There are 2 protein chains.
Amino acid sequence: MGTTKQITEKIGILLRDSKLSVTETRVKILELFMKSDGALEHSDFEKLAGKSFDRVTVYRTLQTFLEKGIIHKIPTTDTSVRYAVCKSECTEHHHHDHHVHFKCETCGNTTCLDETDVPNIQLPKGYAMHNVEVVVNGVCKSCK
Amino acid sequence: MGTTKQITEKIGILLRDSKLSVTETRVKILELFMKSDGALEHSDFEKLAGKSFDRVTVYRTLQTFLEKGIIHKIPTTDTSVRYAVCKSECTEHHHHDHHVHFKCETCGNTTCLDETDVPNIQLPKGYAMHNVEVVVNGVCKSCK
DNA sequence: TGTAATTTTGCAACAACGTTGCAAATAAAT
DNA sequence: ATTTATTTGCAACGTTGTTGCAAAATTACA
Ligand SMILES: [Mn+2]
Ligand SMILES: [Mn+2]
Ligand SMILES: [Zn+2]
Ligand SMILES: [Zn+2]
């Protein structure tokens, strides 16, 4: 994962590549993503970072990152929205997160299984497939 | 699908089988589920049924149906929660909705593809799988 | 069928979440 | 360094979801 300094530098490059100004909030939020091993939801940022930035700013920042292909959403069955950082293949114009997500019923963490590809699905005739989301529920490695 | 009278009768049986009182609200909500071809979310009931029942009652009714295995949730990437009626195999103690869900990007409808089984997933070592949720995004038959 | 016991509903009040407009602060461009 | 463009924080507001409680409806039972 690298030192804090390396991470900060990496984040600066990532933001500039996405044509985004490098601001304290954006850097801090990306740091939290990179230091966390699971997906994060909106309320996590207030918990993890204290009240160091405004709720509104967090909403706007996540929205911007989403549009730029820096983070992606993960489906849930509750009213929360979870986000995780994308791999380098994602761009402003196209997301490529073809991996499986795992939700641990014990610790509650949601993680990207980057090495686990989503399988082929055979749809009924007449349906056009654009992308497939897979979320596996169970018990994760750490909780077993 | 049957006549309205047949549906009402079916709903009465379903409720009694689940050891639930047969109330106007419950019958009405199940009717809306059965007459809709897609999944419904909370706000749909207020739209479809006018203000004929209270918001709180809808929340409580959906919660009850969920616990009794009458409906199941479908994952989303926004703050909504979608529900659809279960097939007969689901019980109070165990859900068996091993089918794929489809979200149409054109009409916005989410449907259960009851005939499309969720595929096998090979998880990394150390993970225990309990169940798999699959949501396919694309364009549905009617919108094509 | 009538009455008592149980369950469900609707209301009020509240808390949490999410959005918008706008002025002040910050970052980028020159 | 100054100007220009972007981002942030605040206030205000609307929406969504929760809880306690009394009234109403349903069920159980005589
Ligand atoms: Mn992911
Ligand atoms: Mn379904
Ligand atoms: Zn875990
Ligand atoms: Zn459609």
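So you know, we letter chains A, B, ... as the sequences are listed, proteins then strands, and number each from 1. Because only heavy atoms are used, hydrogens play no part in the values below, and waters and symmetry mates are left out as well, while side chains stay in. Treat the numbers as computed from the prediction; the structure is a model and nothing was measured.
Contact footprint of chain B on DNA chain C: nucleotides with an atom under 4.0 Å from a non-hydrogen protein atom, first to last in 5' to 3' order, dT7(C) to dG18(C).
Checked against the 6.0 Å centroid criterion, the rings of F45(B) and Y83(B) do not qualify as a close aromatic pair.
Heavy-atom contacts from other residues, nucleotides or ligands closer than 6.0 Å to CD of E9(B) number 12 or fewer. Enclosure of atom NZ in K19(A) is not indicated, since only 12 or fewer non-hydrogen atoms of other residues, nucleotides or ligands lie within 6.0 angstrom.
The aromatic rings of H99(A) and H72(A) lie perpendicular to each other, with more than 60° between the two planes, well past the 30° mark. A perpendicular orientation is assigned to the rings of Y127(A) and F102(B), their planes being inclined by more than 60° (bins at 30° and 60°).
A donor-acceptor pair under 3.5 Å is formed between the side chain of K68(A) and the backbone N or O of S18(A). Counting only distance, with no hydrogens or angles, the side chain of S36(A) and the backbone of G38(A) share a donor-acceptor pair below 3.5 Å.
The distance from atom CG of D54(B) to atom C1' of dA24(D) is 14 Å, rounded to the nearest whole Å. In this structure, F45(B) places its CZ atom 16 Å from C1' of dG17(D), rounding to the nearest Å. The distance from atom NE2 of H42(A) to atom C1' of dT16(D) is 15 Å, rounded to the nearest whole Å.
Within the 4.0 angstrom heavy-atom criterion, only backbone atoms of the sugar-phosphate kind lie near T79(B); the bases stay farther away.
Closest-nucleotide positions on DNA chain C for S43(A) and K19(B) were compared, and the one nearer the 5' end corresponds to K19(B). Residue-to-nucleotide proximity on DNA chain D shows that, of V56(B) and R16(B), the 5′-proximal contact is made by V56(B).
Closest approach of E41(A) to S80(A), counting heavy atoms only: OE2-CB, 3.6 Å.
Proximity of residues 23-33 of chain B to DNA chain C (heavy atom under 4.0 angstrom from any strand atom) is restricted to T23(B), T25(B), R26(B).
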